[in-house]
Amino acid sequence: MLRALDLPVPEAGLGEIRIRVHAATVNPVDTLVRRGIAFVSDSEPPYVPGMDAAGVVEQIGKGTDTDLTVGDHVMAVVVVSGTHGAYAEHLVVPAKSVVRVPTGATDIEAATLPMNGLTARMALDLFELPAGATIAVTGAAGGYAVQLAKADGFHVIADASPKDEQLVKELGVDVVLPRGDAFPQLLRREIPDGVDGLVDTAGVAGLAISAVRDGGRMASSVGGVQVTAELGIETRNTFAPQYAHEHAKLDRLRELAQKGSITPRIARTLPAEQATEAHRLLEAGGLRGRVVLTF
């Protein structure tokens with residue numbers, strides 16, 4: 001259950017920045033926090049969800065090394081802990097977790113980038129593949145993996161339902177194949193030896209691994225990769241908090257968004273008071289873009 005809480009305004013300490021939050025993206029992991037499943041093992045309720053935030057710098061901790069100033073519009077990735085989450089009017093985060101919003105982007109658009117973008121970035125980094133390698137992306141319509149892969153110079157094959165095919169093509173995919181159980185077989189017709197790497201954002205790792213070549217790599221942004229690496233395929237789960245202090249990578253997302261290489265997609269915008277409805281929409285599925293709460 002989600003409900004509004006009155007909490008003290010936090011103070012920024014050394015190495016920290018306080019943000020007056022204008023927008024926070026609703027992500028699948030937030031529903032797990034709400035249910036007391038994720039990011040709650042070391043804390044007592046209440047729990048505040050949210051891993052993506054954007055707003056205005058309100059306070060900079062004394063002695064903090066940053067080029068930001070009070071009043072700058074910024075976006076941040078948030079590592080949830082107890083009442084520390086992005087669904088808040090005031091949020092204190094490490095300066096390493098904060099960068100300016102992309103020029104020309106609203107706070108609502110920018111709020112979709114930090115955690116989602118860094119998760120895709122981490123998946124691609126785990127591959128350690130050179131430009132020109134071929135990778136596959138499942139659930140391509142839902143995130144930033146395709147656009148980041150194209151920015152890295154990869155040849156990208158992705159799945160799509162009929163209604164999402166045009167969108168996926170617009171994201172830059174080189175080959176679009178039908179979504180479903182036949183995806184690995186269809187991919188093998190395109191690439192008989194299999195792809196060099198596969199990013200699973202649809203939770204179909206067990207099925208999709210057969211599309212990966214011997215000695216290839218697979219990363220899942222939805223967790224739960226438990227497959228047998230009989231052919232030497234390295235499998236990894238991405239965990240965005242591990243990149244929470246990767247300031248240069250977060251700033252690179254800003255640069256790519258400014259260039260138009262990655263494009264935020266908003267499905268719905270709701271006031272924070274309607275967070276319950278935002279979770280309902282997310283869990284119902286079928287969204288093509290993010291639900292964002294405004295504060």
Side-chain angles (χ1 to χ4, degrees), residues 1-66 68 74-99 107 110-122 220-224 237-247 249-250 253 272-273 275-276 278-279 282-283 290-295:
M1 144 175 213
L2 292 172
R3 60 187 177 89
L5 297 171
D6 286 322
L7 296 172
V9 176
E11 296 292 322
L14 176 64
E16 295 179 330
I17 290 173
R18 188 173 77 208
I19 301 169
R20 173 57 174 92
V21 176
H22 291 168
T25 298
V26 178
N27 292 295
V29 71
D30 300 349
T31 67
L32 302 181
V33 175
R34 185 197 77 223
R35 293 157 57 194
I37 296 174
F39 294 104
V40 299
S41 59
D42 298 325
S43 55
E44 294 293 325
Y47 310 124
V48 177
M51 299 182 72
D52 291 292
V56 174
V57 174
E58 190 174 56
Q59 181 188 45
I60 297 174
K62 185 177 180 179
T64 298
D65 182 16
T66 180
L68 297 171
V74 294
M75 59 185 185
V77 60
V78 184
V79 179
V80 176
S81 177
T83 57
H84 175 73
Y87 293 14
E89 291 183 342
H90 304 276
L91 176 69
V92 170
V93 288
K96 292 180 179 179
S97 301
V98 186
V99 300
D107 289 343
T112 70
L113 288 167
M115 190 279 288
N116 290 289
L118 287 176
T119 299
R121 178 70 271 157
M122 185 178 188
S220 174
S221 62
V222 293
N237 291 314
T238 58
F239 187 55
Q242 293 178 352
Y243 266 26
H245 293 172
E246 294 285 352
H247 188 269
K249 294 181 187 296
L250 182 58
L253 292 177
E273 294 78 9
T276 297
H279 278 226
L282 179 66
E283 292 179 309
R290 299 293 175 179
V291 178
V292 180
L293 300 175
T294 57
F295 294 79

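Numbering of residues begins at 1 and proceeds along the displayed sequence.
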Would you be so kind as to tabulate the donor-acceptor pairs closer than 3.5 Å made by side chains of residues 19-26, with sequence neighbours excluded?
from	atom 1	to	atom 2	distance (Å)
His22	ND1	Asp107	OD2	2.8
Thr25	OG1	Ala111	O	2.7
Thr25	OG1	Thr112	N	3.3

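- Under the side chain to side chain contact (heavy atoms under 4.5 Å, CB included) criterion, Leu5 pairs with Arg3, Leu7, Pro46, not counting sequence neighbours.
- Nearest heavy-atom pair, Leu68 versus Ile60, reported as atom, atom and distance to 0.1 Å: O-CD1, 3.2 Å.
- Residues Leu2 and Thr276 share a closest heavy-atom pair of CB-OG1, 3.6 Å.
- For Tyr47, there are no side chain to side chain donor-acceptor pair (under 3.5 Å) partners, not counting sequence neighbours.
- Between Leu293 and Ala278 the shortest heavy-atom distance is CD2-CB, 3.7 Å.
- Evaluation of the salt bridge (Lys or Arg N to Asp or Glu O under 4.0 Å) rule for Glu44 yields no partner, not counting sequence neighbours.
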Quiz item: How far apart are the C-alpha atoms of Met75 and Asp52, what are their side-chain angles, what is the distance that settles it, and do they pass the side chain to side chain contact (heavy atoms under 4.5 Å, CB included) test?
Solution: CA-CA 8 Å; Met75 59 185 185; Asp52 291 292; over 6 Å; no

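- Atom CG of residue Asn116 and atom CE of residue Met51 lie 9.5 Å apart, to the nearest 0.5 angstrom.
- In this structure, CZ in Arg34 is found 4.0 Å from CD in Glu283, a value given to the nearest 0.5 Å.
- In this structure, His245 NE2 and Lys96 NZ are separated by 7.0 Å, a value rounded to the nearest 0.5 Å.
- In this structure, CD on Gln59 lies 9.0 Å from OG1 on Thr64, to the nearest 0.5 angstrom.
- A 4.5 Å side-chain heavy-atom check between Pro114 and Leu253 finds every atom pair outside the cut-off.
- Nearest heavy atoms, Val98 versus Ala76: CG2-CB, 4.0 Å.
- Atom CD1 of Ile37 is separated from atom OG1 of Thr31 by 7.5 Å, given to the nearest 0.5 angstrom.
- Taking every heavy atom of both residues into account, Arg121 and Tyr243 meet most closely at CG-CE2, 4.1 Å.
- Residues satisfying the side chain to side chain contact (heavy atoms under 4.5 Å, CB included) test with Ala244, not counting sequence neighbours, are Val77, Val79, Ser97.
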Sequence neighbours excluded and cut-off under 3.5 Å, please list the side-chain donor-acceptor pairs for residues 83-95, or say none.
from	atom 1	to	atom 2	distance (Å)
Tyr87	OH	Asp30	OD2	2.7
Tyr87	OH	His279	NE2	3.0
His90	ND1	Glu58	OE1	2.8
His90	ND1	Glu58	OE2	3.4

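- Here Gln242 contributes atom CD and Asn237 contributes atom CG; the two are 10.0 Å apart, rounded to the nearest 0.5 Å.
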